[in-house]
Protein chains: 2
Amino acid sequence: MTRPPRRPLTLRDVSEAAGVSEMTVSRVLRDKGDVSAATRQRVRDAAKRLGYVPNRIAGSLAGGRVNLVAVVIPSLKNMVFPEVLSGISEALAGTGLQPVVGFTDYLPETEEQVLYEMLSWRPSGVIVAGLEHSPASRAMLTQSGIPVVEIMDTDGIPIDACVGISHRRAGREMAEAILAEGYRRIAFLGTKMPLDHRARKRLEGFAERLSEDGIAIADREFYSGGSALAKGREMTQRLLERSPDIDFIYYSNDMIGAGGLLWLLERGVDVPGRIGLAGFNGVELLDGLPRQLATMDACRREIGRRAAELIAARQPGTAIVTPERLDLSPTIAWGDTLRRSTRPAKQGDPAPA
Amino acid sequence: MTRPPRRPLTLRDVSEAAGVSEMTVSRVLRDKGDVSAATRQRVRDAAKRLGYVPNRIAGSLAGGRVNLVAVVIPSLKNMVFPEVLSGISEALAGTGLQPVVGFTDYLPETEEQVLYEMLSWRPSGVIVAGLEHSPASRAMLTQSGIPVVEIMDTDGIPIDACVGISHRRAGREMAEAILAEGYRRIAFLGTKMPLDHRARKRLEGFAERLSEDGIAIADREFYSGGSALAKGREMTQRLLERSPDIDFIYYSNDMIGAGGLLWLLERGVDVPGRIGLAGFNGVELLDGLPRQLATMDACRREIGRRAAELIAARQPGTAIVTPERLDLSPTIAWGDTLRRSTRPAKQGDPAPA
DNA sequence: ATGAAAGCGCTAACAG
DNA sequence: CTGTTAGCGCTTTCAT
């Protein structure tokens with residue numbers, strides 16, 4: 001490929017083509033200040049004809065305003081984040097603000113670099129996943145002087161503002177529901193992520209609530225990498241071979257939960273009679289499995305939306321007062337794998353074991 | 001929340017704190033030019049102590065270089081794009097380039113706006129999904145004078161360079177395989193997306209190959225929105241009620257294919273004996289289903305990686321010659337739902353119908 | 001309603 | 001090795 005390296009067009013080119021000052025062109029292109037309809041038209045035509053695209057680098061430097069919002073998340077592999085991003089993107093559409101995304105891979109050090117990188121563009125706001133940051137990251141965010149919204153989690157003290165759910169409470173509530181349905185030999189299967197603070201907090205809240213009823217987690221196992229569905233199968237199998245008397249499995253996400261569910265159904269195990277299951281996230285993706293896995297919505301899209309709205313509301317000129325903490329309340333989706341109470345048999349149910 | 005609006009620090013602040021010229025600070029911070037170890041240390045300390053974050057807006061304007069790569073994709077809802085993005089992100093890590101993502105929602109007009117928006121930041125390259133663009137978008141990209149890589153699709157003429165697969169050929173090859181296995185009453189189920197050119201091209205190639213054997217698509221149906229797994233179930237059911245003699249269903253994506261597969265297995269239908277199935281994309285997510293759906297890898301991650309590498313290779317200073325067309329060759333993953341030839345029975349197989 | 005002048009904060013290019 | 005001088009392309013401010 002060889003294309004002639006053209007000098008990018010500048011305001012001056014348009015100004016010459018339209019026969020007006022650069023200033024007037026600038027005014028027309030930004031709809032700022034009074035310009036006669038005739039001039040406006042000439043300028044618009046010239047700009048379009050030349051294919052002029054303004055240089056925001058220069059514009060931002062001069063104007064002191066940047067229409068960028070930094071979004072810092074761990075990864076796109078974890079299905080929750082694409083949805084959060086969609087929410088952000090949706091809410092930002094029409095505000096003139098644009099998301100810029102960076103990934104941390106759950107590494108505090110990478111987060112630090114990414115934040116530095118993004119802040120160096122002087123964005124109008126930052127949305128960052130989680131409340132746990134390195135001291136250097138905290139310092140940068142605090143110093144930045146722009147709105148900072150920490151998302152996903154509300155168990156902790158936000159630097160500036162936060163939008164999310166309490167994962168500790170989410171774990172507690174699921175434990176509560178499980179106990180209420182009479183399960184007692186309860187196991188946990190999850191990701192091995194020392195740095196996934198939200199999964200950790202869920203497990204902590206979960207274990208805490210169980211212990212209040214004098215119950216300990218009967219068995220547990222952690223995994224990393226690979227297809228979650230397949231992992232869910234394997235782990236469930238190993239778990240039940242090791243601890244055959246387990247009557248409930250709490251999974252740290254819906255995908256491994258679905259894997260476990262499929263494995264159990266294939267073996268004709270009575271779910272939720274003999275064994276109950278629950279996951280976490282409420283991934284819509286799984287609607288359509290033979291049975292609906294019990295889960296809890298992580299409010300992903302709404303978190304994204306609200307965080308973005310918060311940033312937008314804090315732009316200079318907007319006098320809206322915004323909360324510094326938005327604690328959303330996910331509710332349990334009971335599905336077909338948690339409630340023990342009898343229900344009409346469904347077509348496709350395997351015979352009880 | 002009320003934080004004191006601080007004046008952001010500038011090079012001058014660091015320069016004064018360290019007792020050297022702004023230029024020297026600039027050199028240290030960019031590791032450019034020779035600076036004595038002692039001075040370097042003093043500058044580094046001062047910058048860190050003050051919490052200085054350079055202003056790239058100014059830097060880019062002065063230096064004429066922007067470390068941003070614009071990535072323009074339809075949406076994150078379609079699972080393929082998070083993976084493409086991951087590939088891009090991976091390949092860009094370490095090059096000093098940073099992806100900036102924009103979404104088009106499959107709308108040419110939105111694409112136009114997003115491109116305009118992104119080009120106004122004078123990025124060092126553009127990665128954009130698809131080969132179909134509005135005339136205005138084409139003009140902008142051509143004018144931009146920066147490397148443009150169109151991804152996902154190679155059926156068409158790239159503006160500058162492209163990386164992807166031929167969806168037409170993908171459709172043909174799947175048709176070929178299906179015919180080779182002896183299926184003859186073949187249906188198509190897919191998304192109703194007049195603007196998803198890749199799905200369209202797959203279907204075209206597919207139908208074309210069938211017709212070469214004198215076979216027409218026996219039935220077809222399109223959907224939009226909702227959970228793909230559930231849609232796959234519904235559509236498969238309706239299809240088979242309407243056309244009970246169908247012996248193969250080609251799905252436009254793996255998720256609806258998986259829905260169909262689950263529905264058929266629940267009913268004890270012999271797959272792939274009585275009816276064969278195939279999807280598209282090769283989503284790893286589904287590894288762990290009772291049967292592995294036949295599919296074709298869309299090379300998502302690799303497309304992202306190669307596109308990013310191409311952009312990186314075209315940066316000024318890099319003299320690497322890059323191809324203008326990279327046509328990846330996806331291969332059929334036969335799974336358990338396409339090959340009719342007898343195979344050892346697997347545990348969990350339903351009895352033949 | 002339009003134009004002219006003065007930077008925004010940084011880096012390229014040149015001096016020393 | 002370090003400093004000085006000009007801008008980068010736009011917007012702000014002040015004239016006209």
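Every chain is numbered from 1, with letters handed out A, B, ... down the list of sequences.
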Pair B/Glu150, B/His133: side-chain N/O donor-acceptor within cut-off below 3.5 Å: yes
Nearest-0.5 Å distance that lies between atom CG in B/Leu141 and atom CG in B/Leu119: 6.0 Å
Axis deviation across the helix from C/dA1-D/dT16 to C/dG16-D/dC1, five-pair ends, to the nearest 10°: 30°
Sugar-phosphate or base contact per nucleotide [nucleotides 11-16 of chain C; S, B, -; heavy atom under 4.0 Å]: BBBB--
Segment of DNA chain D, first to last nucleotide, that comes within the 4.0 Å heavy-atom reach of chain A: D/dG9 to D/dT13
Salt bridge present between B/Asp160 and B/Arg325 (N-O < 4.0 angstrom): no
Main-chain N/O of A/Glu117 paired with A/Ser120 side-chain donor or acceptor, under 3.5 Å: yes
Atom-to-atom span, CZ of B/Arg56 to P of C/dG9 - whole angstrom: 17 Å
Test applied, side-chain contact (heavy atoms from CB on, under 4.5 Å); reference residue, B/Trp121; option that passes from A/Asn55, A/Asn67, A/Val100: A/Asn67
Where at least one partner belongs to residues 73-100 of chain A, residue pairs that pass salt bridge (charged side-chain N to carboxylate O under 4.0 Å, His left out), sequence neighbours excluded: A/Glu83-A/Arg300, A/Glu83-A/Arg301, A/Glu90-A/Arg301
Donor-acceptor pair between A/Ser26 and A/Arg30 side chains, under 3.5 angstrom: yes
Residues within residues 44-52 of chain B bordering DNA chain D, heavy-atom distance below 4.0 Å: none
Whichever of B/Asp34 and B/Leu61 has its nearest DNA chain D nucleotide further upstream toward 5': B/Asp34
Short side-chain donor-acceptor distance under 3.5 Å, B/Ser89 and B/Ser86: no
A/Asp105 and A/Ser75: side chain donor to acceptor below 3.5 Å: no
Salt-bridge contact A/Asp13-A/Arg7 (side-chain N to carboxylate O under 4.0 Å): yes
Rounded distance (nearest 0.5 Å) linking atom CZ of A/Phe81 with atom CD1 of A/Ile151: 7.0 Å
Residues forming a side chain to side chain contact (heavy atoms under 4.5 Å, CB included) with B/Arg27, sequence neighbours excluded: B/Met23, B/Thr24, B/Val35
Nearest-0.5 Å distance, CD of residue B/Glu16 to CG of residue B/Leu11: 10.5 Å
